[in-house]
Amino acid sequence: MQARSLILFIVLTATTYAVAQPAYAPDIQKEKLSRGLVCLKDGDSIALSWRLLEGEEKASFDVYQEGNQLNNLNLYNATFFKTLAPKEETTFAIRTIRDNRQFFYEVTYNPSQKDYISIPLSKPAGGTTPDGRSYTYSANDASVADVDGDGEYEVILKWDPSNSHDNSHEGYTGNVIIDCYKIPGFDGNRAKYGTSGNSDKSSTLLWRIDLGKNIRAGAHYTQFLVYDFDGDKRAEMIVKTADGTTDGQGNVIGDSNANWVKSGSIDKSIPGKMSKKRSNITGRILDGPEYLTVFDGLTGKALKTVDYQPPRGNVASWGDNYGNRCDRFLAAVAYLDGKHPSAVMCRGYYSKTYLAAYDWNGKDLTTRWLFDSEKAPEYSGQGNHNLRVGDVDGDGCDEITYGSMAVDHDGTGLYSTRMGHGDAIHQFAFYPDSTQLQIWDVHENRRDGSDFRDARTGRVIFQIPSTDDVGRGMAADIDPTNRGLEMWSSSQMGYFDVRGQLHSAYSSIPVNSAVWWDGDLLRELLDHNAVMKWNWVNQNVDVLKDFHAEGCSFNNGTKLNPCLSADVFGDWREEVIVRDKASTELRIYSTTIPTNYRFPSFMYDIPYRVSVAAENVGYNQPPEQGFYFGSNMKR
C-alpha cells in the first residue's frame, strides 16, 4: 500500500524564471555536484530537499518512502518535499529520469536526528604564550569544497586561538590550525545509485594543518582558498605558510627550528596587561621567509611551496614600522582566462597595494601576473577588508573589485574612484533587466560615506556622503515594491533603491549578513542567531521562527558571522554553518520552509561560487551571484 496519507505538502504549480547569466566560456571549469539530498526534522514533520543539477531545467522528480511513492503528481517545480515524520528509521528516495534511465538518490531518516546536521569536531588543545598567558581554541571561519571527487562538499575549518589579534594590536598568539571534515552521511560514492544524505555516522577528520608559530593569528593574516584549481575534480587548498608549518601528513615546511616572533619585556605586576615598556612589535612576525603552499585537499599533504608574492620587503615602506599595514592580506579565486580558476593573493590596502595571480596545474605553481600600486599611485590606499570577483566588463573573464578600485583580468588597473578604504562591499546585477554588475561600497574616511557605482567603469550612480566611519553596509532585494535591489548602511536610517530614493525611517535594519531562507525570491537578513524578514508594509523586521540556533556562537566580535553561509546542499536556498558555544561541533542549519520555486544550485554560478571561496577573507561578507536574483525576475 502506498503511504500517501503521510503527505503534508506538495507544490503543484510550476514556477519558472529565466536567469540571465554572465557570458563565460561554455567549457569553463566547474564542479561536478551530486544530488545533495538532505532530510531534516521540523517538529512532527520532515523536510526533504535536493539539488537541481545544471541542465535539469525540465526534470521531474518522485518521492518514495521504503519503495512507496508519496507524490500524486510528478514534481516539476520545487526540489523540496514535506511529509509527516515516521516513528521508526526509514529510507526515503528521490527518483528522476534522464535519457530514459532512472536514477535514485536515498537518505536515511532516524527519529533521533535533530533539525540540523552535526559535524563533531576534534578541538585542538590550548597552550601558553611566551609571556605565560594561556589560550584556548574556538571554531572560526570555514569553507566548503569537494576534496575527494564524490560530488559532495567537505568542510574546511580554521581554528582561532582566544588570543588572536588584529594587526593594530601587539601580543603573542597561538598557532593557526586548519582542519578538513567530511559531513556525516554526505558521500556520493556510498551506494551505486549515488546515495547521499545525512545519517548518524560520526564525521571524519581528514587532516589537520598547523601553520606554526611564524604565522600570526587574526582576521587579516590567514586567507585560505579551497578550490579545484587544476581541474582534476578534487579541490586543493592554497594558503600563506612559513617556517614550521606542518602539513596534514606531518611534514614540516621550511626550518622547523626557526622562530621569527618578536619578543618584548614582561611586566608581571600588571596581570593581563601589556607593559608600557614593551615594544608594540611584541608577538609580530616582521622577519623571515614567507611562503605560499598548495595542499592536497584529500590528504592535507603539501604539494608545492614557493616564495610568497608580494613580499613584505621593508616593513616601514608600507606606512608604519610595526607591521600593521604590511600584514593586511586578502585572497580570491578568479577565472582570469575565462576558463580556469586562478588564486589571487593580495597584500595591503591602507597604502601600497599588491595583487599576485597564481595558476596551479597539478604540478607547478606559477605566477600569472603581479599588480603593483607603486607603479600606479592612484590605486594606493583604495582596498577594503574584503573584495569581490566577477566579469564586470563582459569580456568573459573575471575582474577583481578591490574596494574603491578594480583590477582587470590581465593584471592591469581598471579604475580607481579614490574614495579610499572601507569595511564592506557588495557586487550584484542590481537591475532586473540587465546583466551588468554594480557595486555598493561603504567607506571609513568620514567623507565619502557610501557609493553605488558601475562595476565596469567606477562611474558613481549616486553617493550618500557621511561624516561618520561607515563600518557596515548591505545590499539585497528585501522590498518587492521597489524595482531591483535595495541597499543600506550602518550610518543611515532606511534603505535606498537603485534610483537613489530613500525608503523607510526604520533605524535598525540589520547590516551584518543575508541569506535566502524562506520560500520567496526576497533575501532574508542574518544577524547573530536570528534570520529576519524585512516587513515592508509595517516597516520593521520580523524574526523567523524556523531558524533555531540556540546554544550556538557566531564569530569575529561585533561582526557576528557564521562560520559560513552558502548553498551547501539541498535546493537553491542557503545553509548556515555555526559552532556550538563549546566548539565541540559544527551545526549546518537548512531551511524547512516550503517554496514554490526551483533553480539549479547557486554553486554553478561562478561569481557566487568564488565569493563562497573568499567568504572567509577579511571581514566576512555573504556570497552573491553574478546575475540579478530577486522579486522582479522575469518569467
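Side chains included, hydrogens not; waters and symmetry mates left out as well; all remaining heavy atoms used.
- Judged by distance alone, the side chain of Gln438 and the main-chain N or O of Asp454 form no donor-acceptor pair under 3.5 Å.
- In the model, Asn74 has a side-chain atom that pairs as donor or acceptor with a side-chain atom of Asp62 under 3.5 Å.
- Note: His220 and His385 have tilted aromatic rings, judged against thresholds of 30 and 60 degrees for the angle between ring planes.
- Separating the CG atom in Leu387 from the CD1 atom in Ile400 is a distance of 8.0 Å, to the nearest 0.5 Å.
- Looking at heavy atoms from C-beta onward, Met603 lies in side-chain contact with Val612 at the 4.5 angstrom threshold.
- In this structure, Asp451 and His443 have side chains that are in contact, with non-hydrogen atoms separated by less than 4.5 Å.
- A heavy-atom distance below 4.5 Å is found between the side chains of Cys563 and Leu586.
- For the pair Glu154 (side chain) and Val147 (backbone), a donor-acceptor distance under 3.5 Å is present.
- Under a cutoff of 6.0 Å and an axis angle of 45°, Arg35 and Phe569 do not form a cation-pi pair.
- Cation-pi check for Lys559 over Tyr619 is met; the charged atom lies under 6.0 angstrom from the ring centroid and within 45 degrees of its normal.
- In this structure, Thr595 OG1 and Lys82 NZ are separated by 12.0 Å, a value rounded to the nearest 0.5 Å.
- A heavy-atom distance below 4.5 Å is found between the side chains of Asn556 and Asn140.
- For the pair Ser611 (side chain) and Pro607 (backbone), a donor-acceptor distance under 3.5 Å is present.
- Arg388 contributes no side-chain N or O that, together with a main-chain N or O of Thr401, makes up a donor-acceptor pair within less than 3.5 Å.
- Checked against a 6.0 Å centroid threshold, the rings of Trp440 and Phe430 do not count as neighbours.
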List the atom pairs, with distances to 0.1 Å, where a side-chain N or O of residues 471-481 and a protein N or O form a donor-acceptor pair under 3.5 Å, not counting sequence neighbours.
{"unit_1": "Arg472", "atom_1": "NH2", "unit_2": "Thr558", "atom_2": "OG1", "d": "3.1"}
{"unit_1": "Asp477", "atom_1": "OD2", "unit_2": "Ser631", "atom_2": "N", "d": "2.6"}
{"unit_1": "Asp477", "atom_1": "OD2", "unit_2": "Ser631", "atom_2": "OG", "d": "2.8"}
{"unit_1": "Asp479", "atom_1": "OD1", "unit_2": "Thr481", "atom_2": "N", "d": "2.9"}
{"unit_1": "Asp479", "atom_1": "OD1", "unit_2": "Thr481", "atom_2": "OG1", "d": "2.5"}
{"unit_1": "Asp479", "atom_1": "OD2", "unit_2": "Thr481", "atom_2": "OG1", "d": "3.3"}
{"unit_1": "Asp479", "atom_1": "OD2", "unit_2": "Asn482", "atom_2": "ND2", "d": "3.4"}
{"unit_1": "Asp479", "atom_1": "OD2", "unit_2": "Tyr495", "atom_2": "OH", "d": "2.7"}

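- No donor-acceptor pair closer than 3.5 Å links the side chain of Glu54 to the backbone N or O of Tyr604.
- Test Phe599, Tyr608, Phe428 against Phe629 for ring-ring contact (aromatic ring centres under 6.0 Å, His included) and you get one pass: Phe599.
- Side chains of Asn620 and Asp141: a donor-acceptor N/O pair is present below 3.5 angstrom, by distance only.
- When each of Ile178, Leu564, Val144 is tested with Ile156 by the rule side chain to side chain contact (heavy atoms under 4.5 Å, CB included), just one qualifies, namely Ile178.
- The pair Asp567-Arg573 does not meet the salt-bridge criterion, since no charged nitrogen lies less than 4.0 angstrom from a carboxylate oxygen.
- Using a cutoff of 4.0 Å between basic side-chain nitrogens and carboxylate oxygens, Arg598 and Glu57 are not scored as salt-bridged.
- Using a 30° and 60° split on the angle between ring planes, Tyr431 and Phe452 fall in the tilted class, from 30° to 60°.
- Between Lys30 and Ile606, some side-chain heavy-atom pair lies under the 4.5 Å cut-off.
- Remark: Glu585 CD to Tyr116 OH distance equals 4.5 Å, nearest 0.5 Å.
- Contact annotation: the side chain of Glu615 approaches that of Pro623 to within less than 4.5 Å [non-hydrogen atoms, C-beta and beyond].
- Seen from the ring of Trp516, Arg523 counts as a face-on cation partner, given the 6.0 Å and 45° thresholds.
- Here the straight-line distance linking atom CD1 of Ile119 with atom CG of Leu121 works out to 7.5 Å at 0.5 Å rounding.
- Judged by distance alone, with hydrogens and angles left aside, the side-chain atoms of Glu624 form a donor-acceptor pair with the main-chain N or O of Gln427 at under 3.5 Å.
- Checked against a 6.0 Å centroid threshold, the rings of Tyr589 and Phe547 count as neighbours.
- Salt bridge Asp115/Arg587: absent, no basic N to carboxylate O contact under 4.0 Å.
- At a cut-off of 3.5 Å, with distance as the only test, no side-chain donor of Asn561 or Asn555 sits close to an acceptor on the other residue.
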Pair Val460-Met419, side chain to side chain contact (heavy atoms under 4.5 Å, CB included): steps then yes or no: CA-CA 11 Å; Val460 175; Met419 291 185 185; 3.6 Å; yes
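- The shortest side-chain heavy-atom distance between Tyr335 and Val610 falls under the 4.5 Å cut-off.
- One distance of note links CH2 of Trp517 with CD of Glu575; it measures 7.0 Å at 0.5 Å rounding.
- The CG atom of Asp469 sits 8.5 Å away from atom CG of Asn445, with the distance rounded to the nearest 0.5 Å.
- A side-chain donor from one of His503 and Asp497 sits under 3.5 Å from a side-chain acceptor of the other.
- The pair Arg51-Glu152 meets the salt-bridge criterion, since a charged nitrogen lies less than 4.0 angstrom from a carboxylate oxygen.
- Proximity of Met532 to Pro510: side-chain heavy atoms (C-beta onward) are separated by under 4.5 Å at one or more points.
- A salt bridge links Asp520 to Lys533: at least one charged side-chain nitrogen sits closer than 4.0 Å to a carboxylate oxygen.
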